[in-house]
There are 2 protein chains.
Amino acid sequence: MRLAARRRPDAGPPAIGTVRRFAAHQTIYAEGEPATHCMLVIHGVVRSCSSFADGRRFVSAFYAAGDMFGFERQQAYPAAAEAVVETALVLYPAPDWPAFLHAPDSLSRQILSALMLSTEQARGHARLLGRLSAIEKMATFLLEWRERSNQSTLISLEMPRQDIADHLGLTVETVSRCLSQLKRDKVIGLRSSRHLDLLDVAMLRAIRG
Amino acid sequence: MRLAARRRPDAGPPAIGTVRRFAAHQTIYAEGEPATHCMLVIHGVVRSCSSFADGRRFVSAFYAAGDMFGFERQQAYPAAAEAVVETALVLYPAPDWPAFLHAPDSLSRQILSALMLSTEQARGHARLLGRLSAIEKMATFLLEWRERSNQSTLISLEMPRQDIADHLGLTVETVSRCLSQLKRDKVIGLRSSRHLDLLDVAMLRAIRG
DNA sequence: CGGCTAATTGACTTTAATCAACTACAGTGG
DNA sequence: CCACTGTAGTTGATTAAAGTCAATTAGCCG
């Protein structure tokens, strides 16, 4: 079904798109599939992940409400996108992208800016993976997630530990041990395994370095 | 001095730019400096690197002849750029970028494509850092460098071991041990520490996975 | 309640980092 | 020309960090 996308004053280009809903764990697109659309998250959480022949997995990014993803060169998506929880997206057809560039200057700047931002974020993540310890990675991840939760001190990690591990280049056990240590040190509190209080943000920043 | 950039039919946008030369180890721009230009490498090798307060360092990418870099959002470059060896660049002023977008469709597609490619490469590198072992990282690095050397079996690594280590998230010692092992196994040959023969590309691919 | 998956915890192993010594080599000046 | 210096690279011994394997606990949904 094709619908006019709701106009959101602050997020994404005001183009016409298709709204689609995905159930938790549903695949949005597979690795290697033709890159036909880019997407804007309305609500929910999406993970972008790629798999190795031997079963290893890597989660390159998580996307939450307001984030765009799927801007891809070529015919093939380099990684799969999967809904972590129940999710709604607006899909913009790929052939429209170049047309965006002829839109008013402020809009083309926004698109350029979004693309540059995604490169910057990917490099920042590479830096984390290449040079931070397990506990530093964990602190960085929690602080990042806090920013997306409007700086709230209570954050909700929608994804399982395995996804966090595959995003930070760790194992589930190490993720679990880091969280336990932070809890023991009263830096965080665990209401449930996916809902946690950041009790000492200053300490988290100190750990992150 | 301002010169008309040489027109190269296959590389980069055919705009007017400034040619500049940099000596080995010279800083092209510093971390945090206003992002005034993007650059095209004419010859030489550039590393993009960021430093931590405690001295750790991370090299997010190397750029060789034909590569563009420095397309950055905002006022500040997120990482420094340094010439690894004697290098020549064409500099394009930042304010011209949005103007590029009004260029013919094929050109705006090229710019989009270049930006998407850099994101894709950064994510690919994150994947390597997050999930590969030391020897797998090393094999991947050598194969990548081979592609840039026109598939030649004799490759010239212009950078010191420390740069490779900081790019792959390893220590110099580990880089050295991996290379020694590959040499022992007759996968590579070392003419000098920075000039090596890829004796068994198939084996390198097998190691990379 | 029972059966499932997710998460935690502990014991032990592996990988790569650290620390330290040594080698190779390029550049400098006697 | 050759010692002297300094940097880059290699190698070995040991340690530390995170991974692996295994057992247990906590939540969830029928």
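Side chains are part of it too, since the values below use all heavy atoms of this structure and drop only hydrogens, waters and symmetry mates. Bear in mind the structure is a predicted one, so any value in this text is a computation, not a measurement.
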Between [X] and [N], does any side-chain N or O lie under 4.0 Å from OP1 or OP2?
X: B/Thr171; N: C/dA17; value: yes
X: B/Thr174; N: C/dA17; value: yes
X: A/Arg194; N: C/dA7; value: yes
X: A/Ser180; N: C/dT9; value: yes

Distance in angstrom units between [X] [atom1] and [N] [atom2], rounded:
X: B/Arg131; N: C/dT15; atom1: CZ; atom2: P; answer: 15 Å
X: A/Glu173; N: C/dC12; atom1: CD; atom2: P; answer: 16 Å
X: A/Arg184; N: C/dA7; atom1: CZ; atom2: C1'; answer: 15 Å
X: A/Asp166; N: C/dA6; atom1: CG; atom2: P; answer: 13 Å
X: B/Arg191; N: C/dC25; atom1: CZ; atom2: P; answer: 16 Å

Name the nucleic acid region contacted by [X], choosing base, sugar-phosphate or nothing; use a 4.0 angstrom heavy-atom cut-off, strictly under.
X: A/Leu179; answer: nothing
X: B/Ser193; answer: sugar-phosphate
X: B/Ser192; answer: nothing

Do the side-chain N and O atoms of A/Arg127 and B/Ser50 include a donor-acceptor pair separated by under 3.5 angstrom?
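Yes, B/Ser50 and A/Arg127 have a side-chain donor paired with an acceptor closer than 3.5 Å.
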B/Glu173 and B/Ser176: side chain donor to acceptor below 3.5 Å
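Note: B/Glu173 and B/Ser176 side chains miss the donor-acceptor criterion.
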Given C/dA16, D/dG12, D/dA8, which nucleotide is nearest the side-chain atoms of B/Arg177?
D/dG12
If you check every side-chain atom of B/Ser176, which of C/dA7, D/dT10, C/dA17 has the closest atom?
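Of the options given, the side chain of B/Ser176 lies nearest D/dT10.
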Over all atoms of both residues, closest heavy-atom pair of A/Glu158 and A/Arg194
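Residues A/Glu158 and A/Arg194, closest heavy atoms: O-NH1, 3.2 Å.
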Parallel, tilted or perpendicular: which describes the rings of A/His167 and A/Phe62, with under 30° parallel and over 60° perpendicular?
perpendicular
